[in-house]
Amino acid sequence: MAIIDAYLKEMLSLKGSDLHLSINYPAKYRLSGNLKPANDKIITPEFMEKMLKEICFPPDRWDTYLKNHDLDFAYEIPGLARFRCNYMYNYYGQAAVLRQIPSKILTVADLNLPSILLDICKIKSGLVLVTGPTGSGKSTTLAAMIDYINDTMDKHIITIEDPIEFVHQNKRCTIVHREVGLHSRSFPIALRGAMRSDPDIVLIGEMREQETIRLALTCAAMGMLVFATLHTNNAPKTIDRIIDAFPANEQAQIRTMLAESLQAVVSQLLCRKIGGGRIAVHEILLWTDGLPNTIREGQISNIRTIIEANRGIGMCSMDGGLKTLMENGIITGEEAYMKASDKKLFAEYIEK
């Protein structure tokens, strides 16, 4: 058994999500959103290198880490769980964060996600964005949606990730997992390859740069259903982030491409529950007649109006979801205030 496995197994037994490792400090677990020391044992440089190197294979992967001072890959304890590993250097030297990827892919119902996500899975083509900060459960939500498609439809799905997180077994679908760095040199190269591979659905682990965004929009325009993630907290910020990724002279073209392809934005945050644990809250923007013109004309402030006017078809706002959770006694007013887009809506609950 690898040295690090003892930490990971204990973290899982405590229902933790992340293991944080840094020289000169004890290992820490993220439990219900908070970091807690695993014990009082200080990690030395020698112990850190031995622990990290032991699970980093093939050998050239360790050489890449020493050269670049950053590395992402997936590690699995068979029969227990997979972990997304981020190796880095900090002030003290080598460091790492390992995040749990559950072995069992949970369903939309298991995760208590909005049922409208199942309707989004039935969209034939276009762009669907699942957004939220790091650690908000974007990958878990996307995995549940892909699993539903795998159960109910006959599709060819290509996933492009860095690293591969959830591994789907073929059911009705044919699913091809590709890892950037292992199976392709970059997201853009993998996307160009996907265009020639007759996919019905393409999943992009993260839209990080201009070329990936441009190719994702192109794939959507070609008739594919493209799922992708962004680190944004709500629908307006998501649309702005995509457009602002491009220089001013290209933004009009990107607005047009986005207006023609965007089908849904699902934004997700995790909130601390009263009494422990965490719960997801969502903002959902769906395609409607007025959305393309709103994007094309840059009237992003109207997105809020579109969401509020179409709650009957499954749209919902993040602040509305936070208010419902607070009023039902699931989260505190302070937690709602911290996660809200419009802080004024919750300011009175902080003062109390």
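- In this structure the side chain of Arg272 never reaches within 4.5 angstrom of the side chain of Ser32, judged on heavy atoms.
- The CD1 atom of Ile279 lies 5.0 Å from the CG atom of Leu325; values are rounded to the nearest 0.5 Å.
- Using modelled atom types, no side-chain atom of Arg241 and backbone atom of Leu230 make a donor-acceptor pair closer than 3.5 Å.
- Here the shortest heavy-atom pairing between Val108 and Ala144 reads N-CB, 3.8 Å.
- Hydrophobic clustering (side-chain heavy atoms under 4.5 Å, transitive across Ile, Leu, Val, Met, Phe, Trp, Tyr) groups Met145 together with Leu225.
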Practice prompt. Report the C-alpha distance between Tyr75 and Asp5 in whole Å, list the side-chain angles of each, state the deciding distance to 0.1 Å, and finish with yes or no for side chain to side chain donor-acceptor pair (under 3.5 Å).
Written response: CA-CA 10 Å; Tyr75 172 66; Asp5 287 5; 2.6 Å; yes

Worksheet item: Cys85 and Asp72: side chain to side chain contact (heavy atoms under 4.5 Å, CB included), yes or no, with the steps?
Response: CA-CA 6 Å; Cys85 308; Asp72 291 296; over 6 Å; no

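- Between Phe166 and Glu161, every side-chain heavy-atom pair lies at or beyond the 4.5 Å cut-off.
- Here the straight-line distance linking atom CD1 of Ile243 with atom CD1 of Ile295 works out to 7.0 Å at 0.5 Å rounding.
- Nearest approach of Arg278 to Gly135, heavy atoms of both residues: NH1-O, 4.4 Å.
- Here the side chains of Leu285 and Ile239 are in contact, with some heavy-atom distance below 4.5 Å.
- For the residue pair Val281 and Cys271, the shortest heavy atom distance occurs at CG1-SG, 3.8 Å.
- A salt bridge is defined here as a Lys NZ or Arg NE, NH1 or NH2 lying under 4.0 Å from an Asp or Glu carboxylate O, and Asp319 with Lys339 fails to meet this definition.
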Worksheet item: After noting the C-alpha distance and the side-chain angles of Glu179 and Arg61, does the key distance pass the salt bridge (charged side-chain N to carboxylate O under 4.0 Å, His left out) rule?
Response: CA-CA 14 Å; Glu179 182 168 321; Arg61 182 173 269 170; 3.7 Å; yes

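- You'll find the side chain of Gln299 reaches within 4.5 Å of the side chain of Asn302, heavy atoms only.
- Leu31 and Leu12 end up in the same hydrophobic cluster when Ile, Leu, Val, Met, Phe, Trp and Tyr side chains are linked at under 4.5 Å.
- A search for salt bridge (Lys or Arg N to Asp or Glu O under 4.0 Å) contacts involving Glu334 returns nothing, not counting sequence neighbours.
- Ionic pairing of Glu283 and Lys237 is not present here: no N-O contact between side-chain nitrogen and carboxylate oxygen is shorter than 4.0 angstrom.
- In the hydrophobic clustering of this structure, Met224 groups with Ile157; members are Ile, Leu, Val, Met, Phe, Trp, Tyr whose side-chain heavy atoms approach within less than 4.5 Å, directly or through other members.
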Fill in: Step-by-step salt bridge (charged side-chain N to carboxylate O under 4.0 Å, His left out) determination, Asp162 to Arg208
CA-CA 11 Å; Asp162 181 20; Arg208 296 176 179 172; 3.3 Å; yes

Discussion item. Side chain to side chain contact (heavy atoms under 4.5 Å, CB included) for Thr288 and Ile306? Distances and angles first, verdict last.
Written reply: CA-CA 8 Å; Thr288 189; Ile306 290 174; 3.7 Å; yes

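- The shortest distance between side-chain heavy atoms of Leu286 and Asn310 does not fall below 4.5 Å.
- Here ring-ring contact (aromatic ring centres under 6.0 Å, His included) pairs that include residues 167-196, with residues two or more places apart or in two chains, are His168-His177.
- Screening Ser341, Ser317, Ser267 against Asn234 for a side chain to side chain donor-acceptor pair (under 3.5 Å) leaves a single residue, Ser341.
- Note that OG1 of Thr218 is 8.0 Å distant from CD of Glu211, once rounded to the nearest 0.5 Å.
- Looking at heavy atoms from C-beta onward, Ile175 lies out of side-chain contact with Lys155 at the 4.5 angstrom threshold.
- Taking the salt bridge (Lys or Arg N to Asp or Glu O under 4.0 Å) definition, one finds that Lys171 meets it with Asp147, Asp151, sequence neighbours left out.
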Discussion item. Test side chain to side chain contact (heavy atoms under 4.5 Å, CB included) on Asp119 and Lys122; report intermediate values, then the result.
Written reply: CA-CA 5 Å; Asp119 293 330; Lys122 299 170 186 173; 3.9 Å; yes

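- Residues satisfying the ring-ring contact (aromatic ring centres under 6.0 Å, His included) criterion with Tyr89, sequence neighbours excluded, are Tyr65, His69.
- Under a 3.5 Å cut-off, the side chain of Asn150 and the backbone N or O of Gln169 do form a donor-acceptor pair.
- For the residue pair Thr131/Asn233, the side-chain donor-acceptor check at 3.5 Å is not satisfied.
- Put simply, the side chain of Lys343 gets close to the backbone of Tyr337: a donor and an acceptor are under 3.5 Å apart.
- In this structure, Glu250 pairs ionically with Arg214, as a charged nitrogen and a carboxylate oxygen lie closer than 4.0 Å.
- A distance of 10.0 Å separates OG1 of Thr44 from NZ of Lys50, quoted to the nearest 0.5 Å.
- Counting heavy atoms from C-beta on, the side chains of Leu258 and Leu127 come closer than 4.5 Å.
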Fill in: Worked verdict on Thr159 versus Phe227 for side chain to side chain contact (heavy atoms under 4.5 Å, CB included)
CA-CA 9 Å; Thr159 77; Phe227 290 100; over 6 Å; no

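- Formation of a donor-acceptor pair under 3.5 Å by the Asp60 side chain with backbone atoms of Asp63 is not found in this model.
- Residues Met207 and Met195 are members of one and the same hydrophobic cluster, defined by side-chain heavy-atom contacts under 4.5 angstrom among Ile, Leu, Val, Met, Phe, Trp and Tyr.
- Hydrophobic clustering, with ILVMFWY side chains joined whenever heavy atoms are under 4.5 angstrom apart, groups Leu14 together with Leu80.
- Between His20 and Leu98 the shortest side-chain heavy-atom distance does not fall below 4.5 Å.
- With sequence neighbours left out, Phe47 forms a ring-ring contact (aromatic ring centres under 6.0 Å, His included) with no residue at all.
- Contact check on Asp110 versus Lys104 returns a salt bridge, with a Lys/Arg side-chain nitrogen under 4.0 Å from an Asp/Glu carboxylate oxygen.
- The salt bridge (Lys or Arg N to Asp or Glu O under 4.0 Å) check on Lys344 picks up Asp342, with sequence neighbours excluded.
- To the nearest 0.5 angstrom, Tyr87 atom OH is 11.0 Å from Leu66 atom CG.
- The 12-atom threshold is not exceeded at CZ of Arg311, counting heavy atoms of other residues, nucleotides or ligands nearer than 6.0 Å.
- Between the side chains of Arg99 and Asn86, not a single donor N or O lies within less than 3.5 Å of an accepting N or O.
- Taking a 6.0 Å sphere around CE of Met153, one finds it holds more than 12 heavy atoms contributed by other residues, nucleotides or ligands.
- A cation-pi arrangement is not found for Lys323 relative to Phe346, the charged atom failing to lie both closer than 6.0 Å to the ring centre and inside a 45° cone about the ring normal.
- Distance check: Cys316 SG to His282 NE2 gives 8.0 Å after rounding to the nearest 0.5 Å.
- For the residue pair Gln268/Thr141, the side-chain donor-acceptor check at 3.5 Å is satisfied.
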